[in-house]
2 protein chains.
Amino acid sequence: MRTFVAAADAGRFQDAATDLSVTQQAVSKRIAGLEKSLGVRLFTRTARGAKLTVDGQAFLPHARDLLRAAARAAASVRPGRRALRVDVIGRRLAPADVVRDFHRAHPGIGLDVVTLFDADAAVAAVRSGDIDASFRAVTMPGRQLPDDVAAVRAFDEPVQLLTGPAHPLADAGAVTPERLAGRRIWMPGIVPGTEWAAYYDDLAAAFGLTIEVTGPDFGTEPLLDTLAGSDSLATFVGEQTRLSAPAGHGLRRIAVRDPAPVYPHSLVWHRDNPHPALAALREHLRCGRFAHSAPGTWTPAWA
Amino acid sequence: MRTFVAAADAGRFQDAATDLSVTQQAVSKRIAGLEKSLGVRLFTRTARGAKLTVDGQAFLPHARDLLRAAARAAASVRPGRRALRVDVIGRRLAPADVVRDFHRAHPGIGLDVVTLFDADAAVAAVRSGDIDASFRAVTMPGRQLPDDVAAVRAFDEPVQLLTGPAHPLADAGAVTPERLAGRRIWMPGIVPGTEWAAYYDDLAAAFGLTIEVTGPDFGTEPLLDTLAGSDSLATFVGEQTRLSAPAGHGLRRIAVRDPAPVYPHSLVWHRDNPHPALAALREHLRCGRFAHSAPGTWTPAWA
DNA sequence: GCCACCGCACAACCACCGGTTGTGCGGTTA
DNA sequence: TAACCGCACAACCGGTGGTTGTGCGGTGGC
């Protein structure tokens, strides 16, 4: 591809060869090979050089696109000046939407989204410079952030109840946390010690809920299946969380109000990170349309 | 790249190897080579397979982009279902703007822009299927379109006068064609027999202008230089034509009115071409914002 | 807790890809 | 008409990239 673009720009295989520091014969063989693999002629050979055919003209911008993509790919892992690398807890959860929104607002800023194993790995990666920022609720109790790591409350996401169609609350427009006392809230896969566990522990304690974290996590699909077929099980889910096929299961999302529990997503970054896009991201969060904690909402005391 | 994406998707080099019909050792060597050339580790090897590192996660979408670009490039020259291929007479002239505008209106439609040697080559390419459409003024006298080729008047582009700052008309807001009688209109590079020659011949005859087509064509740069330094030379230029550096030369564009000569760009295509995007392009031209001939404009009788 | 198994890496080997030099041919130019 | 320019073909050869064979470490069953 590089040889093709060079030859198209130079107009002569000879000049392209000197540009690429190879012989003219090598360029000729490369172009011939490319033409053979594509099945079309890309150049018309003349006595004064080589001119693009119609196919070659159509191919050229795509070849340039490919070289640009290759350059971007190489730059994405080059230490030093590279795209902003942000860790989100899951591609279908609210932080991913925030990053998408940021990308729409600043299309020119290169952005790479990754997902680390847990909050500890995220903080370590932020400290080491492997990533530039992370959306993790690292404000949970017992966790002390290192001095060189900063965190701000980024945005609050309301928590909703998810039930099957046969659940007693399925047709309730909204419920209060108190009405959930005594009901079975089932949240398999919550790993003890993580920020999620701390949040739901506090939520349960505050309103007298009983949250079952028992049972192995078989993934979201079986969870939703079980939920859809049960008349007593319910689970909590973030308002912006996209489920795989909510309509197919007949699942219901029920708002929780008075007070509305919100999950405090926060942004973590390294104080010394000079990446200009990091400042833009923080500014975007500060001025964005994302709801911050308001009257009538509930968050854990440590938030 | 393909191996990297396959390994990332499969989560195991072994499975990726079977997908690619090579041995596990080959995949291992390919990944190792890619990692060496990039200078970073892309996978963490575990006993149960290989998981992406942070760098690998960041690299993956770029690798997918690259493969998509490669697929698009290959498709651009594959006979059969491919992007709409349109011939424009020059990337800086009005037809190119029309194509750009069409692309903005229909971002999903693949589009390849090429420039053929002359109108004859364009018609031949349209007949052979090498291109799907061409913006050429093939309505000139003496040229008979084949039966299987259709053409419509696509849009009219006003013709302007281009002069240096010392020209007597430099500060005129607009001129009539009659006022140009006797002045030197210099248009080198107009090849006799082409549609441009026919147009300006008719224009000269209609208003008694004297158009000099003498002199070799050294390209637009020397033309603009000569024009900028002359107090008697002027040339015609399309209203939408982008010049290389008009401000740097102090050149003036002067509208021509009462009547305003307009150049009749037309679209040529093959009657049997079933490409759906071709219909979209024709519809775009029919309903677009491009001025068609209006009262007070002049076109050749054959237009 | 031991052992079998699974998956990746390293070593040796080899075919072929892709580079080089040398040469021929067609077309343009003086 | 002859010299020149630029690309293609031929022969040659080194290195890349594939294969088979094997070792090693971590996981999971019994």
Side-chain angles (χ1 to χ4, degrees), chain A residues 1-57 59-60 63 66-67 70 74 117 121 191 216-218, chain B residues 1-57 59-60 63 66-67 70 74 117 121 191 216-218:
Chain A
M1 284 301 205
R2 214 176 297 282
T3 304
F4 168 72
V5 172
D9 287 342
R12 270 191 290 266
F13 289 7
Q14 196 80 265
D15 297 357
T18 56
D19 289 349
L20 299 169
S21 304
V22 294
T23 61
Q24 166 265 320
Q25 289 87 336
V27 171
S28 180
K29 279 176 87 170
R30 288 181 185 178
I31 300 292
L34 182 60
E35 287 175 331
K36 188 177 177 186
S37 71
L38 291 174
V40 296
R41 207 139 183 82
L42 296 172
F43 288 96
T44 56
R45 279 74 164 173
T46 75
R48 279 258 160 273
K51 284 170 61 74
L52 286 172
T53 63
V54 176
D55 283 316
Q57 285 189 42
F59 191 68
L60 181 56
L66 189 92
L67 295 187
F117 181 66
V191 181
D217 180 21
F218 294 113
Chain B
M1 283 298 205
R2 215 175 297 281
T3 305
F4 168 72
V5 172
D9 287 341
R12 270 191 292 265
F13 289 6
Q14 196 81 265
D15 298 357
T18 56
D19 289 349
L20 300 170
S21 304
V22 294
T23 60
Q24 166 266 319
Q25 289 88 335
V27 171
S28 181
K29 278 175 88 170
R30 287 182 186 178
I31 301 292
L34 182 60
E35 287 175 330
K36 188 178 177 186
S37 70
L38 292 173
V40 296
R41 207 140 183 79
L42 297 173
F43 287 96
T44 56
R45 279 73 164 173
T46 74
R48 279 258 162 275
K51 284 171 60 75
L52 286 172
T53 63
V54 177
D55 283 316
Q57 285 190 44
F59 190 69
L60 181 57
L66 190 97
L67 295 186
F117 181 66
V191 180
D217 181 21
F218 293 114

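Just so it is clear: chains get the letters A, B, ... in the order the sequence lines come, proteins before strands, and each one is counted from 1. Hydrogens, waters and symmetry mates are skipped; everything else that's a heavy atom, side chains included, is used. Predicted, not measured: the structure shown is a model, and the values here were computed from it.
Bending across the helix from C/dG1-D/dC30 to C/dA30-D/dT1, expressed as the angle between its end axes from five pairs apiece, amounts to 30° (10° rounding).
Contact record, A/Ser37 with A/Leu34: OG-O, 2.9 Å, taken as the closest heavy-atom pair. Contact detail for A/Ser28 and A/Phe13: the closest heavy-atom pair is CA-CD2, 4.0 Å. Of all non-hydrogen atoms in A/Ile31 and A/Ala7, the two that sit nearest each other are CD1-CB, 4.3 Å.
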Taking only N/O atoms, report every protein-nucleotides 21-25 of chain D pair under 3.5 Å with atom names and distance.
unit_1 : atom_1 : unit_2  : atom_2 : d
D/dG21 : O6     : B/Gln25 : NE2    : 2.5

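Not counting sequence neighbours, the partners of B/Phe4 by the ring-ring contact (aromatic ring centres under 6.0 Å, His included) test are B/Phe43, B/Phe59. Partners of A/Arg45 under the salt bridge (Lys or Arg N to Asp or Glu O under 4.0 Å) rule, at least two apart in sequence or in another chain, are A/Glu35. Under the rule for a side chain to side chain donor-acceptor pair (under 3.5 Å), the partners of B/Arg30 that lie at least two apart in sequence or sit in another chain are B/Thr3.
Near DNA chain C, defined here as any heavy-atom distance below 4.0 Å, the residues from residues 28-46 of chain B are B/Ser28, B/Arg45, listed numerically. For residues 12-21 of chain B, proximity to DNA chain D is found at no residue, defined as any non-hydrogen atom under 4.0 angstrom from a strand atom.
A distance of 11.5 Å separates NZ in B/Lys36 from NZ in B/Lys29, rounded to the nearest 0.5 Å. Expressed to the nearest 0.5 Å, how far CG of A/Leu66 lies from CG of B/Leu66 amounts to 4.5 Å.
With distances taken from any side-chain atom of B/Arg48 to the nucleotides D/dT27, C/dT20, C/dT28, the minimum falls on D/dT27.
Looking only at side-chain heavy atoms (C-beta outward), A/Asp55 and A/Arg41 stay at 4.5 Å or farther from each other.
Across the protein-nucleic acid pair, B/Arg2 atom CZ and D/dG18 atom P stand 13 Å apart, rounded to whole Å.
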Please tabulate, one pair per line, all N/O donor-acceptor pairs under 3.5 Å involving side-chain atoms of residues 14-27 of chain B, not counting sequence neighbours.
unit_1  : atom_1 : unit_2  : atom_2 : d
B/Asp15 : OD2    : B/Arg12 : NE     : 3.2
B/Asp15 : OD2    : B/Arg12 : NH2    : 3.2
B/Thr18 : OG1    : B/Asp15 : O      : 2.6
B/Thr23 : OG1    : B/Ala26 : N      : 3.3

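Among the protein residues, B/Val22 comes within range of the sugar-phosphate backbone only, with heavy atoms under 4.0 Å from sugar or phosphate atoms but none that close to a base.
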